[in-house]
Amino acid sequence: MPYTLSEKVRELEPYDPISGTYEIRLDANESFFNLPDDVKEEIKEIIDKTDFNRYPDPTAKKLTKAFADYYDLDPDNITVTNGSDEMLYLLASAMLSKGSRVVVVDPDFSMYGFYSFLSENDVFTYKKNDELNIDVDDLLSFAKENDADMIIFSNPCNPTGQGITADQARKLVTGAGNSLVVLDEAYMDFWNEPLLKEAHKYDNLIVLKTASKAVGAAGIRLGFAVANTTITKALRAIKSPYNVNMLSQEIGTCIYSHKDMLKVRRDEIVNNTGYLYEQLSKLTDNYHLPMKVYEPHANFVFLETEKAGDIFEFMLENSVAIRWFKKAGALRITSGSVQENNQFLLLFEKYIMKNILKTNR
Ligand SMILES: *Cc1c(COP(=O)(O)O)cnc(C)c1O
């Protein structure tokens, strides 16, 4: 008998968010800023001094300290991974087991369900309300009914940009009893309802952060988990020892030490996102379009429309990549530079003129 792939992986396709090259990328929630020149100069010096023949520090001590300094945390509560994605996989596979019961919410980041699928967890999906938000009491009863081992969701949410307040999140964590709550605060830099600083006070909470969004360093793959020291010890023990390479550790340390630069850029991203939202709302109001634009709490705008697929294709034809959520009938537009956002808005209006208004009249 020849070797055959197991049923579980046979039908899987490699992750490829969008193939092709596009002039404007508003599809992956990255920062539109590349690193500033002075930081790039520092990185050149870092590369000069690197001992490439040595293994990296398995505890990522310097980087942990720089991250802790930036967010005002205690390094003892932090675990560093090769992007948050590595931690998500570890949570599903090593913190949980086959048959563990995981509650996810919908819509939300698809990776939670994916890693649970690979790890053969039993997944229970809580449907969000009409405003695409979580009703905490509802979610708590749902988790109890299904005897959840873990509840995981992003706050604010990717892709909706909606979120629950810190007070609601506290209520969830304290009410969750013996379920582990994983709060993915990948986008919380753009909003201000975090549990990050108090994560260590709970016995059942892990807060996730990443360098891929507000910090503008998706390319070097850095993720951070913040929790009490008992959980942290377990997380540090289950990760592969040399998970974060030497250059990412050094470059990450350098980037997080540029606190003012990071904050100025974050504020600019927030402003640009607000502009994109206002302009989109104006267009949909002025033209009475049957679309719903959600007020963003992250660096992207979520838009429900029956024309999502059409608009997505139209944008691609004009070399602008955005994200289409087929099942939800929605688009997610990452906020870019002012110029990129204006180019998107111009095309959006052009699409409306040509396709929607014409057929409505
Ligand atoms: C982008 C994103 C992450 C970050 O993943 P990395 O592996 O650190 O790049 C984590 N969670 C959510 C919800 C995201 O959208």
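Whatever order the structure lists them in is the order used to number ligands and atoms, beginning at 1.
- For the pair Asn29 and ligand 1, no heavy-atom separation below 4.0 Å is found.
- Shown in contact with Thr210 at under 4.0 Å from a heavy atom are these atoms of ligand 1, numbered in order with element: 4 (C), 6 (P), 8 (O), 9 (O).
- At least one heavy atom of Arg221 sits under 4.0 Å from some atom of ligand 1.
- By the 30° and 60° cut-offs, the orientation of the rings of Phe67 relative to Tyr256 is perpendicular.
- The number of heavy-atom neighbours closer than 6.0 Å to CG of Asp260, taken from other residues, nucleotides and ligands shown, is 12 or below.
- If you check which protein heavy atom lies closest to atom 2 (C) of ligand 1, you get Lys213 NZ, 2.4 Å.
- Every atom of ligand 1 is numbered from 1 in the order shown, and the set under 4.0 Å from a heavy atom of Ser154 is 13 (C).
- In this structure, Asp184 contributes its side chain and Ile152 its backbone to no donor-acceptor pair below 3.5 Å.
- When each atom of ligand 1 is checked for a heavy atom of Ala186 under 4.0 Å away, the hits are 10 (C), 11 (N), 12 (C).
- Put simply, the side chain of Asn121 gets close to the backbone of Ala92: a donor and an acceptor are under 3.5 Å apart.
- One N or O on the side chain of Asn341 and one on the backbone of Gly336 form a donor-acceptor pair closer than 3.5 Å.
- Contact annotation for Asp85 and ligand 1: heavy atoms of both the backbone and the side chain come within less than 4.0 Å of the ligand.
- From the protein, the heavy atom lying nearest to atom 12 (C) of ligand 1 is Asp184 OD2, 3.4 Å.
- For ligand 1 and Gly83, the ligand atoms under 4.0 Å from any heavy atom of the residue are 7 (O), 8 (O).
- At a 4.0 Å heavy-atom cut-off, ligand 1 does not touch Met111 at all.
- By the criterion of a heavy-atom distance under 4.0 Å, the side chain of Tyr112, and not its backbone, is placed next to ligand 1.
- Classification of the Phe142-Tyr126 ring pair by plane angle, with boundaries at 30° and 60°, yields perpendicular.
- Gln249 contributes a side-chain N or O that, together with a main-chain N or O of Val244, makes up a donor-acceptor pair within less than 3.5 Å.
- Between the side chains of Gln279 and Tyr275, no donor-acceptor pair is found at a separation under 3.5 Å.
- Only the side chain of Ser212 comes within 4.0 Å of ligand 1, judged by heavy-atom distances.
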